[in-house]
Amino acid sequence: MDFFLLTLAVVFCMFMSIRVLFLPAEGGKQKISFSHFLWLACLYGTICIGFALIYLLFEIRDISVMLDHGLEISGHFFMKLETAFYFSAMTMFSVGYGELIPVGLGRIIATIQAFIGYTLPAAFVVRTVIDMDINPNQ
């Protein structure tokens, strides 16, 4: 029972921290709108899932684009899907954990995905600033 209460408390604290992004700043101006946040979340999700499906399609065609601990990805469809999604997320949001590495054509695809993942925050900031300049009452 303590585990669930502590987990709930941690989730609540994280939610409250994120919520601060959407509260009005000094002067009553809202820094980030919820619609901007949803836009960014959907954009990241779409790109992450899209690249995962690209990795999966190559793996299904027996064109190895990633290795798991130095071995080709094996297993049933859903195991490959899970691995492709995990690899896509690690490529998009970090530099990876190291157990999955891109090989061959996968290196080019992963490089493109990493570039997109690193430039999206800048695009988000630019879009937010432009929207604030166009709609100064927000």
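Treat the numbers as computed from the prediction; the structure is a model and nothing was measured.
Within the 4.5 Å cutoff, the side chain of Leu67 has no heavy atoms near those of the Leu71 side chain. With contacts defined as side-chain heavy-atom distances shorter than 4.5 Å, the pair Pro102/Tyr55 does not qualify. Contact annotation: the side chain of Leu56 approaches that of Phe77 to within less than 4.5 Å [non-hydrogen atoms, C-beta and beyond]. Within the 4.5 Å cutoff, side-chain heavy atoms of Glu99 are placed close to those of Tyr86. Proximity of Met66 to Ile101: side-chain heavy atoms (C-beta onward) are nowhere separated by under 4.5 Å. Looking only at side-chain heavy atoms (C-beta outward), Leu100 and Thr83 come within less than 4.5 Å of each other.
In the model, Gln113 has no side-chain atom that pairs as donor or acceptor with a side-chain atom of Tyr118 under 3.5 Å.
Applying the ring-ring contact (aromatic ring centres under 6.0 Å, His included) rule to Phe51 yields no partners; only residues at least two apart in sequence or on another chain are considered.
Interatomic distance, CD of Glu59 versus CG of Leu81, reported as 12.0 Å (0.5 Å rounding).
Ser88 places no side-chain N or O within 3.5 Å of a backbone atom of Ala84 that could act as its donor or acceptor partner.
Heavy atoms of other residues, nucleotides or ligands lying less than 6.0 angstrom from CD of Glu72 number 12 at most.
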Exercise. Could you check Ile47 against Leu120 for side-chain contact (heavy atoms from CB on, under 4.5 Å), going step by step and ending with a plain yes or no?
Key: CA-CA 10 Å; Ile47 292 171; Leu120 276 180; 3.9 Å; yes
